[in-house]
Amino acid sequence: MEERYLTVALGKGRLAKKAMECFEKIGISCEEMKDKDTRKLIFVNDEKKIRFFLAKGPDVPTYVEYGAADIGIVGEDTILEENRNIYEVLDLGFGKCRMCICGPKSAEKLLKNGELIRVATKYPKIAKKHFYDEKHQTVEIIKLNGSIELAPIVGLSEVICDIVETGSTLRENGLVVLEEVCPLSARVVVNQVSMKMEHERISKLISDLKKTL
Ligand code: PRP
């Protein structure tokens, strides 16, 4: 029987580039993906019987859960937020950053006193878990889709729950880290059925990737 293609979903952007560098190190490359002007969404390596596609980060766990992708490379933040039925099998060690509660220094006392504050975030589930389940603090969570740092500046919320990598976005906007929620990095996730049906190939791939770290 001819070997089926393994499908890998990559979260568009910084992680995808780093992930492809990892795959190259283990002898799986995809030249056509390097063309910056391409509008192609799917890239095939016929020799290795593997194909890659680029998706919006939050959609990667969805593709993997439904088996449209056998494997996904995605940030831990997205895995926590999406909470899909997938296996998380490897920490790739790059894309390191922190999920934090941030705001102006003056918001520190609001947090400390457990006041009813508004929290703007792209990650409502993570924010809810942090405030409701861990801190037992009632807050109002406001879902945004990007440029979260704007919210406390223009008065939409008192604080934000967002990713901090270098800290420069916060610094340049007069905001600080008030609480740390958790550290984050890029992860390899696997579809639960694929893990059984393609166990040998997937395990080999994971152990090869592990050796490059
Ligand atoms: C992320 C995050 C912060 C910024 C943090 O935003 O939401 O805004 O990066 O990085 P830094 O600590 O290195 O400044 P992203 O660039 O992904 O865009 P977004 O605002 O659309 O979420």
Side-chain angles (χ1 to χ4, degrees), residues 8-22 33-34 36-39 41 52-64 69 72-84 86 88 91-108 110-111 117-132 134-135 139-189:
V8 181
L10 304 171
K12 269 187 203 170
R14 285 174 269 188
L15 286 191
K17 197 164 167 270
K18 287 255 187 183
M20 283 317 293
E21 288 168 13
C22 286
M33 210 175 201
K34 291 179 187 160
K36 281 195 189 73
D37 298 323
T38 186
R39 301 291 293 166
L41 293 169
F52 296 89
F53 69 79
L54 295 169
K56 286 264 187 193
D59 294 338
V60 169
T62 313
Y63 282 105
V64 174
I73 312 283
V74 69
E76 173 77 352
D77 50 319
T78 307
I79 299 171
L80 294 172
E81 184 63 25
E82 294 299 313
N83 196 25
R84 294 274 172 185
I86 50 181
E88 190 185 315
D91 181 349
L92 287 167
F94 58 76
K96 278 203 165 108
C97 50
R98 298 177 294 155
M99 183 65 70
C100 296
I101 308 301
C102 313
K105 187 92 177 74
S106 59
E108 205 165 30
L110 303 177
L111 278 175
I117 51 171
R118 288 168 300 180
V119 183
T121 186
K122 218 158 56 168
Y123 304 93
K125 279 191 199 144
I126 295 177
K128 202 168 169 198
K129 185 164 176 276
H130 177 73
F131 282 104
Y132 284 64
E134 280 150 27
K135 294 192 68 197
V139 295
E140 183 180 345
I141 292 166
I142 303 173
K143 166 83 164 64
L144 289 180
N145 295 296
S147 303
I148 314 298
E149 289 83 357
L150 256 180
I153 299 172
V154 299
L156 176 66
S157 70
E158 281 72 34
V159 299
I160 62 173
C161 174
D162 198 20
I163 287 172
V164 180
E165 193 180 351
T166 61
S168 46
T169 312
L170 291 181
R171 264 192 307 278
E172 287 181 30
N173 292 288
L175 305 171
V176 294
V177 171
L178 300 167
E179 281 172 9
E180 186 166 324
V181 178
C182 60
L184 303 164
S185 58
R187 305 293 162 112
V188 180
V189 293

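Just follow the structure's listing: the first ligand is 1, and inside any ligand the first atom is 1.
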_The one among L150, L170, T166 that brings a heavy atom closest to atom 11 (P) of ligand 1_ = T166
*Taking everything shown except K34 itself, do over 12 heavy atoms lie less than 6.0 Å from its NZ?*
yes
*May I ask whether atom 1 (C) of ligand 1 is less than 4.0 Å from at least one protein heavy atom?*
no
*Does the protein put any heavy atom within less than 4.0 Å of atom 19 (P) of ligand 1?*
yes
*Quickly, which of V64, D91, I73 forms a side-chain contact (heavy atoms from CB on, under 4.5 Å) with V188? Name it, please.*
I73
*Tell me which protein heavy atom sits closest to atom 21 (O) of ligand 1, plus the residue, atom name and distance to 0.1 Å.*
G146 CA, 3.7 Å
*Who's closest to atom 22 (O) of ligand 1 heavy-atom-wise, of E165, K122, E149?*
K122
_ligand 1 atoms in contact with S147 (distance to a heavy atom under 4.0 Å)_ = 19 (P), 20 (O), 21 (O)
*Under 4.0 Å to a heavy atom of S168 - the qualifying atoms of ligand 1, by number*: 12 (O), 14 (O)
*List every atom of ligand 1 that sits less than 4.0 Å from any heavy atom of I163, numbering the atoms from 1 in the order shown and giving each element.*
2 (C), 3 (C), 5 (C)
*Looking at side-chain heavy atoms only, is the closest gap between I153 and N173 below 4.5 Å?*
yes
_Check this for me - ligand 1, D162, N or O atoms closer than 3.5 angstrom, yes or no?_
yes
_Determine whether E108 and K105 satisfy the following criterion, salt bridge (charged side-chain N to carboxylate O under 4.0 Å, His left out), listing intermediate values before the conclusion._
CA-CA 6 Å; E108 205 165 30; K105 187 92 177 74; 2.6 Å; yes
*Quick one: does R14 get within less than 4.0 Å of ligand 1, heavy atoms only?*
yes
*Do L80 and C182 come close enough that some side-chain heavy atom pair is under 4.5 Å?*
yes
*Short N/O distance, under 3.5 Å, between G167 and ligand 1?*
yes
_Atoms of ligand 1, numbered as shown, that sit under 4.0 Å from any heavy atom of T169_ = 4 (C), 5 (C), 10 (O), 11 (P), 14 (O)
*Please indicate whether K125 has more than 12 foreign heavy atoms, meaning atoms of other residues, nucleotides or ligands, lying under 6.0 Å from its NZ.*
yes
*Can you tell which of L178, V176, V177 makes a side-chain contact (heavy atoms from CB on, under 4.5 Å) with C102?*
V177
*State, without any angle test, whether S185 and R187 hold a side-chain donor-acceptor pair at a distance under 3.5 Å.*
yes
